[in-house]
Amino acid sequence: MNSPADLERTCHCGLIKEGHVDQTVTVMGWVDRRRDLGSLIFLDLRDREGIVQVVADPEHAGTLAKAKEARPEDVLAVTGKVVWRDKETVNPEIPTGRVEIRAERIELLNASETPPFPINSPASASEETRLHYRFLDLRRERLQRNLQLRHRATMAIRNFFDKEGFLEIETPFLTRSTPEGARDYLVPSRLYPGQFYALPQSPQLFKQLLMVAGFDRYFQIVRCFRDEDLRSDRQPEFTQIDLEISFPKIETIFKVVERLLERIFSLVEISVSTPFPRLSYPEAISQYGTDRPDIRYDLKLLDVSAAFSRSSFRVFRQIMEDGGLIKGIRVPGRASFSRKQLDDLRGFVQDQGKGADLSWIKVTTEGMKSSLPKAVGEKELEAVRGSAQLEENDLFLMLGGPQKIVHLILGRLREHLALQENLIPEKSHAFLWVYNFPLLEWDEQEKRYFACSHPFTSPLDEDLDLLESDPARVRAKSYDVVLNGVELGSGSIRIHQRELQTRVFKVLGIEPEEAQAKFGFLLEALGYGAPPHGGIALGLDRIIMLLAGERSLRDVIAFPKTARAVDLMCGAPSTVSEKQLKELGLKLEK
RNA sequence: GGGGCCGUAGUUCAGUUGGCUAGAACGCCGGCCUGUCACGCCGGAGGUCGCGAGUUCGAGUCUCGUCGGCCCCGCCA
């Protein structure tokens with residue numbers, strides 16, 4: 001059933017316009033629907049641009065019989081004249097609805113099996129079925145739209161960077177495994193049995209070396225690989241918009257990224273106001289309990305420790321003696337919450353583990369009520385009311401404990417409340433920068449410091465003196481760009497001096513010999529006139545997901561993997577032959 | 001690694017306290033129909049109840065295991 005040689009497509013189905021009226025056209029596409037009225041058959045023919053109605057009637061010999069045979073998802077070629085529809089039969093639902101094609105010839109190019117789920121309806125099949133028949137799911141309008149949007153976005157991105165003087169330069173996928181960071185995907189080497197390439201978690205070091213090489217401004221739309229457990233917003237391979245700039249001020253990078261995001265979001269008619277607000281890491285944590293706050297709504301975390309400094313409530317007093325604090329969230333107008341609602345919130349907090357317990361205060365017309373023990377007097381409640389600026393009908397939800405836990409859990413409670421109480425304004429887009437993350441974090445299990453970002457992040461100049469004496473207090477020249485509580489990208493000014501890089505390695509417990517073995521090429525490069533440089537990497541899939549209004553990365557990636565990293569369509573991963581293993585010098589256990 | 005939800009015609013689902021010869025809608029197949037557009041009307045086919053054990057006179061339903069999908073925690077420099 002090859003395409004008849006004399007037929008050539010002259011127009012996409014979805015692009016047939018009033019201007020085609022009286023012209024003879026040939027369209028090729030999939031049967032979306034057949035409406036068989038006996039001696040008159042309507043076929044909706046679909047391609048990526050949309051749908052056009054084809055009419056088969058007895059006046060054109062053969063078309064009726066061909067149309068009768070047509071089944072959903074058959075591929076047809078239709079030649080005919082474009083004609084106006086009668087006024088009464090115009091379909092205002094589709095862009096081509098004022099015209100139709102009166103078929104003179106219909107050819108079946110390829111028949112289709114009955115599809116496992118309807119292509120022409122958004123009614124969903126299970127994710128499992130959709131992924132198994134991904135080629136059919138992709139044929140549906142939603143994914144067609146998402147991937148077309150993705151194309152337009154990547155085109156806009158490349159255009160943007162070109163105009164801004166960036167060069168797109170490719171970096172290797174077969175590279176070397178480096179310590180720290182996520183688990184690597186490994187590729188065994190055939191020529192060097194027992195040795196492995198690693199797929200890049202990001203092109204971090206290569207782009208730094210491109211700066212050393214003098215390329216000055218680099219970008220790449222590049223695949224990255226991380227062998228970690230997945231989420232709806234995490235795939236094992238994902239795409240970054242990666243960029244690096246020589247001689248930058250932090251402002252330089254912020255401005256480029258703001259302009260870029262402004263450009264990308266303009267594709268879906270979202271206007272982005274720049275510059276983005278900025279929060280330092282400590283501000284973000286203390287006000288929102290997270291390093292990627294959703295600032296579309298308020299519900300800030302308020303410190304009311306002072307109100308309990310001499311409390312008769314022993315639990316709170318003890319918390320403060322242990323160096324902890326008491327913080328809470330003012331929920332306006334929710335003093336009306338029932339016992340059940342409050343218990344549910346308490347349950348939510350308890351479900352987070354960590355042994356935290358939620359207390360509440362209500363400001364009602366009959367005075368203050370609270371879940372705190374009776375021993376906590378009116379005076380203390382008034383003190384809370386004062387420091388949290390509670391108003392009548394407000395509910396105040398409180399948590400005491402070590403700083404880290406209070407912030408973590410109240411941060412989650414804040415998000416939970418916003419969702420539950422519908423406090424998130426629709427169609428608002430709250431971008432922000434979070435900056436000055438800690439450089440290092442102490443790992444209690446491994447008894448050593450880890451880089452919060454990566455080991456090439458530069459410390460703040462004014463904190464350099466603390467690097468050896470009090471590493472945990474050293475802040476980094478790092479920054480994240482956040483949208484609606486989603487981390488879109490993360491970057492930093494890098495270390496460009498060999499001495500400092502060696503010092504940081506040392507603090508991380510990477511001794512000079514190991515540093516030389518694993519990062520020798522970087523240290524060497526830094527010794528040959530590396531320019532100051534910095535950059536950022538943005539998650540392209542996540543950006544597209546937000547642009548498209550989707551909740552899962554799977555809906556903006558053509559061939560995604562399941563939550564357990566399986567490709568249900570092609571069946572990856574799979575076993576390989578004994579011969580392949582042997583060539584690689586590999587032997588499987590058991 | 002841990003927790004939660006789910007798995008029944010092609011698809012989406014229903015299936016009471018264990019009694020089922022397992023239903024519905026859509027889809028599919030056949031017939032009728034010249035202005036439909038979710039066309040309509042008439043008829044029909046279609047099931048290893050994810051898989052495997054167990055309890056029971058009897059299991060879609062209860063128990064255990066297992067496989068798969070989704071969500072979350074840990075993890076993701």
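For B:rG52, the paired base is B:rC64 (Watson-Crick or G-U wobble, both distances below 3.5 Å). Across all strands shown, B:rG27 forms no Watson-Crick or G-U wobble pair with both key distances under 3.5 Å. In this structure B:rU16 sits in no base pair that meets the Watson-Crick or G-U test at under 3.5 Å. Shown here, B:rC33 forms no base pair; nothing in the strands shown gives a Watson-Crick or G-U wobble contact with both key distances under 3.5 Å.
Across all strands shown, A:Arg448 has no heavy atoms under 4.0 Å from either base or sugar-phosphate atoms. Counting non-hydrogen atoms under 4.0 angstrom, A:Pro58 reaches a base of the nucleic acid. Nucleic acid contact class of A:Gln53 (heavy atoms, under 4.0 Å, all strands): base. Contact annotation for A:Glu100: base contact, defined as any heavy-atom pair under 4.0 Å involving a base atom. Counting any heavy atom pair closer than 4.0 Å across all strands shown, A:Ser202 reaches a base atom. A:Asp229 comes within 4.0 angstrom of a base, heavy atoms only.
For A:Asn91, counting side-chain heavy atoms from C-beta on, the closest listed nucleotide (B:rC37, B:rU34, B:rG69) is B:rC37. Checked against B:rU11, B:rC75, B:rU34, the side chain of A:Ala125 finds its nearest nucleotide in B:rU11.
When the nearest nucleotides of RNA chain B are assigned to A:Ala563 and A:Arg226 by heavy-atom distance, the more 5′-ward of the two goes with A:Ala563. Looking at which nucleotide of RNA chain B each of A:Arg292 and A:Val566 is closest to, the 5′-most match is held by A:Val566.
An anti base is found at B:rC37: its glycosidic angle is more than 90° from 0.
Judged by distance alone, the side chains of A:Ser112 and A:Asp74 never bring a donor and an acceptor atom under 3.5 Å apart. For the residue pair A:Asp184 and A:Gln201, a side-chain donor N or O sits within less than 3.5 Å of a side-chain acceptor on the partner.
Within the 4.0 Å cut-off from OP1 or OP2 of B:rG35, not a single side-chain nitrogen or oxygen of A:Thr89 is found. Regarding contacts with the backbone of B:rG68, a side-chain N or O of A:Arg564 is found under 4.0 angstrom from either OP1 or OP2.
Annotation: cation-pi pair A:Arg183/A:Tyr185 absent, no NZ/CZ under 6.0 Å from the ring centroid and within 45° of its normal.
Side-chain atoms of A:Arg554 and base atoms of B:rC70 include no donor and acceptor less than 3.5 Å apart.
A stacking contact links A:Phe42 to B:rU36: the aromatic ring centre lies within less than 5.5 Å of the base's six-membered ring centre, and the planes differ by less than 30°.
Summarising the geometry, the separation between CZ on A:Arg231 and C1' on B:rG3 is reported as 12 Å, rounded to the nearest angstrom.
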